[in-house]
Amino acid sequence: MLRAKLNHAFGRPFRSPLRGLVHAQGLSQLTPILRGAYFPRPNFEEPPMSESEATVEPPESANEFAGEYAPRELSPLETLRHSMAHLMASAVAQLYPGTRFGVGPHIEHGFFYDMAITEPVSVEDLPRIEEKMREIAKSNLKFERSFLDRDEALVWCEQTGQDFKAEIIAGIPQGKISFYKHGDFTDMCAGPHVNYSSKLKHFKLTAVSGAYWRGDDKNPQLTRIYGVGFESKEELEAHLKMLEEAARRDHRKLGRELELFSISQEFGGGLVLWLPNGAFIRKQIEDYWREEHLARGYQLLFSPHVAPYALWDRSGHNEHYADSMYSPIDVEGQLYRLKPMNCPFHIGAYKHRQRSYRELPMRFAELGTVYRFERSGTLHGLMRVRGFTQDDAHLFCTSESLEAELGGCLDIAQTMYRTFGFPEYKVELSVRDAKNTKKFMGSDEIWSLAESTLAKVLDDRGIPYTRMEGEAAFYGPKIDVKVVDAIGRVWQLTTIQLDFTQPDRFDLSYVGRDNTPHRPIMIHRALLGSLERFFGILIEHYAGDFPLWLAPEQARLIPISEKFVDYAREVEAAMRAAGLRVKLDDGDEKMGYRIRRAELEKVPYALVVGAKEAESRTVGVRRRHAGDLGAMALDAVIGRMKDEVERKAAL
RNA sequence: GCCGACAUAGCUCAGCCGGUAGAGCAGCGCUUUCGUAAAGCGCAGGUCGUCGGUUCAAGUCCGACUGUCGGCUCCA
């Protein structure tokens, strides 16, 4: 596979500009809830266990495990989860004799174990396995550790048919091999483990799936059973409740119910049809986005959806990115390809004529629609699609203005997080591997400058960040930002990346004060990622309850009976004139039913008018989540709503 | 693509051991004009994902295909 070759060539997965944030991440970033990969907010925080709760057996001597195969230091909670994985393995071993075991690590919120089980296992089998686990846990077996020499360990593998474990041994250069035994079950395992199985109480098996041995699709596929595990019942319950909450907020479900968007096979898998309600919200987001960019000196671009094959040669996409691109299209004998990124066009705009240092920095922004091939199995609602619109921008600047430009990117990003109600976020600074500079393109000078500038910009703003050594793209370092949503899940939105290759490839230049050509520095950035994915995140973040400024329908007018329809129309006209989006529901159902309908459609305001209101020129205001607020003067309601829109207030 | 599960009306779902398809909601019509989350009656709506097989008989059993969902990064 080409990507495999690229990985080899670059020593890391090939990541193209902006690739990382939008659709290229594993589903871990995209649907963290489903895999338990979201970060807990304080109420889900996992306090460390006290030492007495979980006993971690230290290695018997420092030399027992050599080099990188020394056992990891596991926290008490990680140890607990790791032991749960082994408890599960023992349960499976009892229920399905002959099962061969792969690996069973702790993961965020729980654990999994990859196993070659003697028969197919489905979710219906999980309760049975879980029951067996509890039974074993209750018998309070001791987890006993022992060691074998490599040869002995291999004999053990041979005798017990544990061929995967034998493979693991093959990868261990030296030292004794560690085993753990509880009851009749022995597993080759580095540990550490809790001391008694009775410590393992608060867990639940959640999913079963296939997973390739060692993550390689050329290897046999094992059955992976996932579980979640916590140290207290309360935490487990909170976690399960949160999973339920996530299901309630599922953007695919809400998207259908609220008529936001439609994705169907008939109109193309992975291709989004924005329905009127969703399209309106998108328009609001786009208007706001353009406004913020124009106010910050960006210039807007529109670029084509296809480009000649040769352009993708020059940009390097044909060489490095073909796996994600669609087949060429023949246009009168010349080949074109759908664009997977916008950068070549923005470069084209820069190259339109000779540039002077006086023009820099140039900031080109575009809501640019790109198309990328994604394997059918990876498509997921709005979160992973095949055609999407990036909120893209490319900034061209000198090294002197680099700091200010990067700062500007962070500022606009922070403004947007605030607007959309993401007060909490996490920042990662990905830099090159200082020990292995060869795999990163560009001079030491430019890298040092770039990395220190990125760090300085974060430091100056007092933004805490995690430094990711060696995680930079081969073409430049980057800042990634992940926001925390209403139920504590983490979503990557923003990426700000420096690119040292494209300006060279396209021979970009500007004439400096010294009257000689210079190479500009190029920044790629996307703040929201893609409109599709961001919309999916917003739907789940708001649980479908959009703030008033985004809501397609802001108020539903409900006359109590036919007699008050005329007054309702007056109210409707007044509100429309004030720029509010109102709909009149003069259906012949009872008022209670129409209120219910408005609630189910998540309309922010239901305005009830009857005899009282018509008399006093008021409306009965019912605010979603707040309930009946009583009668208010028509002007007061309009003022209140306009203010709410103005402030872009959250619901 | 691979592993597992699933596919019945627009939506949510029932349909047992194989005997010839059902509910609620939504839609449409009529009645009702009502004070803060479901008025009443009626009508219409389905080649049971597709193709093939077993059988007197298939929504139901078997196989293939298509699609959807959960995963396929976490390495003793």
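Bear in mind the structure is a predicted one, so any value in this text is a computation, not a measurement. Residue numbers begin at 1 in each chain, while the letters A, B, ... track the order of the sequences.
Among the nucleotides B:A76, B:C74, B:C34, the one closest to the side chain of A:Ile177 is B:A76. Closest to the side chain of A:Val608, from the set B:U33, B:A76, B:U36, is B:U36. Comparing atom distances between the A:Arg252 side chain and each of B:C75, B:U31, B:G70 picks out B:G70 as nearest. Between B:G35, B:C74, B:A37, one nucleotide has an atom nearer to the side chain of A:Arg596 than all others, and that is B:A37. In this structure, of B:G35, B:C74, B:U12, it is B:U12 that holds the atom nearest to the side chain of A:Arg256. Closest to the side chain of A:His380, from the set B:A76, B:A26, B:G70, is B:G70. Distance from the side chain of A:Arg622 is smallest for B:U36 among the nucleotides B:U36, B:U33, B:C69. Proximity note for A:Val103 (side chain, C-beta onward) versus B:U36, B:A76, B:G35: the nearest is B:A76. Distance from the side chain of A:Ile560 is smallest for B:G35 among the nucleotides B:A37, B:C74, B:G35. Considering only side-chain atoms of A:Asp628, the nucleotide from B:C75, B:U36, B:G35 that sits closest is B:U36.
Following rounding to the nearest Å, A:Tyr226 (OH) and B:C3 (C1') show an atom-to-atom distance of 12 Å. For the pair A:Lys253 NZ and B:C25 P, the computed distance is 19 Å after rounding to whole Å. Atom CG in A:Leu600 sits roughly 19 Å away from atom P in B:G24 (whole-Å rounding). Computed from coordinates, the A:Asp250 CG to B:G70 C1' distance equals 12 Å when rounded to whole Å. The distance between atom CD of A:Glu613 and atom C1' of B:C34, rounded to the nearest whole Å, is 14 Å. Rounded to whole angstrom, the span from the CZ atom of A:Arg594 across to the C1' atom of B:A39 amounts to 12 Å. Rounded to a whole Å, the CD atom of A:Gln162 is 15 Å from the P atom of B:A76. Rounded to an integer number of Å, the gap from A:Met591 CE to B:U32 C1' is 15 Å.
Side-chain contact, A:Arg569 with A:Tyr567: no donor N or O sits under 3.5 Å from an acceptor N or O. Side-chain contact check for A:Ser83 and A:His193: at least one donor-acceptor pair (N or O, by modelled atom type) lies under 3.5 Å. In the model, A:Asp588 has no side-chain atom that pairs as donor or acceptor with a side-chain atom of A:Tyr593 under 3.5 Å.
For B:G19, the paired nucleotide is B:C56, the pair qualifying as Watson-Crick or G-U wobble because both relevant distances are below 3.5 Å. Pairing for B:A39 goes to B:U31, judged as Watson-Crick or G-U wobble with the two contacts each under 3.5 Å. Remark: B:C6 base-pairs with B:G67. Criterion, Watson-Crick or G-U wobble with two distances under 3.5 Å. Checking B:G46 for Watson-Crick or G-U wobble geometry (two distances, each under 3.5 Å) identifies no partner in any strand. Of all nucleotides present, none satisfies the Watson-Crick or G-U wobble test against B:A14 with each distance under 3.5 Å.
The gap from the C1' atom of B:A58 to that of B:C16 amounts to 15 Å, rounded to the nearest Å. B:A37 sits 45 Å from B:G19 when the P atoms are compared, rounded to a whole Å. Across the C1' atoms, B:A44 and B:G53 are found 36 Å apart, a figure rounded to whole Å. Comparing B:A9 with B:G15, their C1' atoms are spaced 14 Å from each other, to the whole Å. Comparing the C1' positions of B:A7 and B:C13 gives a spacing of 13 Å, expressed to the nearest Å. When the P atom is compared between B:A14 and B:C75, the two are found 40 Å apart, to the nearest whole Å. Nucleotides B:U8 and B:G46 place their C1' atoms 8 Å apart, quoted to the nearest Å. As rounded to the nearest Å, B:C6 and B:C61 have P atoms that lie 10 Å from one another.
Counting any heavy atom pair closer than 4.0 Å across all strands shown, A:Lys612 reaches a base atom. Note on A:Gly610: a base of the nucleic acid sits closer than 4.0 angstrom, heavy atoms only. Within 4.0 Å of A:Ile558, counting heavy atoms only, lies no atom of the nucleic acid at all. At the heavy-atom level, A:Ala611 lies under 4.0 Å from base atoms of the strands shown. Note on A:Glu601: nothing from the nucleic acid sits closer than 4.0 angstrom, heavy atoms only.
Distances shown here put every side-chain N or O of A:Tyr593 at or beyond 4.0 Å from the OP1 or OP2 atom of B:U33. OP1 or OP2 of B:C34 lies within a sub-4.0 Å distance of a side-chain N or O belonging to A:Lys563.
Between the side chain of A:Glu589 and the base of B:G40, no donor-acceptor pair under 3.5 Å is found.
Between A:Glu244 and A:Arg248, none of the side-chain N atoms (NZ, or NE/NH1/NH2) sits under 4.0 Å from a carboxylate O, so this pair counts as no salt bridge.
If you look at A:Tyr113 and A:Phe101, their ring centroids are closer than 6.0 Å.
When the nearest nucleotides of RNA chain B are assigned to A:Arg624 and A:Gly587 by heavy-atom distance, the more 5′-ward of the two goes with A:Gly587. Sequence order on RNA chain B of the closest nucleotides to A:Ile595 and A:His86 puts A:Ile595 first from the 5' end.
Shown are A:Arg556, A:Glu601, A:Glu572; of these, the side chain to side chain contact (heavy atoms under 4.5 Å, CB included) with A:Lys583 is made only by A:Arg556.
Sparse packing is recorded around NZ of A:Lys204, with 12 or fewer heavy atoms of other residues, nucleotides or ligands lying under 6.0 Å away.
Although no hydrogens or angles enter the test, the distance criterion places a donor-acceptor pair under 3.5 Å between the side chain of A:Asn277 and the main chain of A:Leu258.
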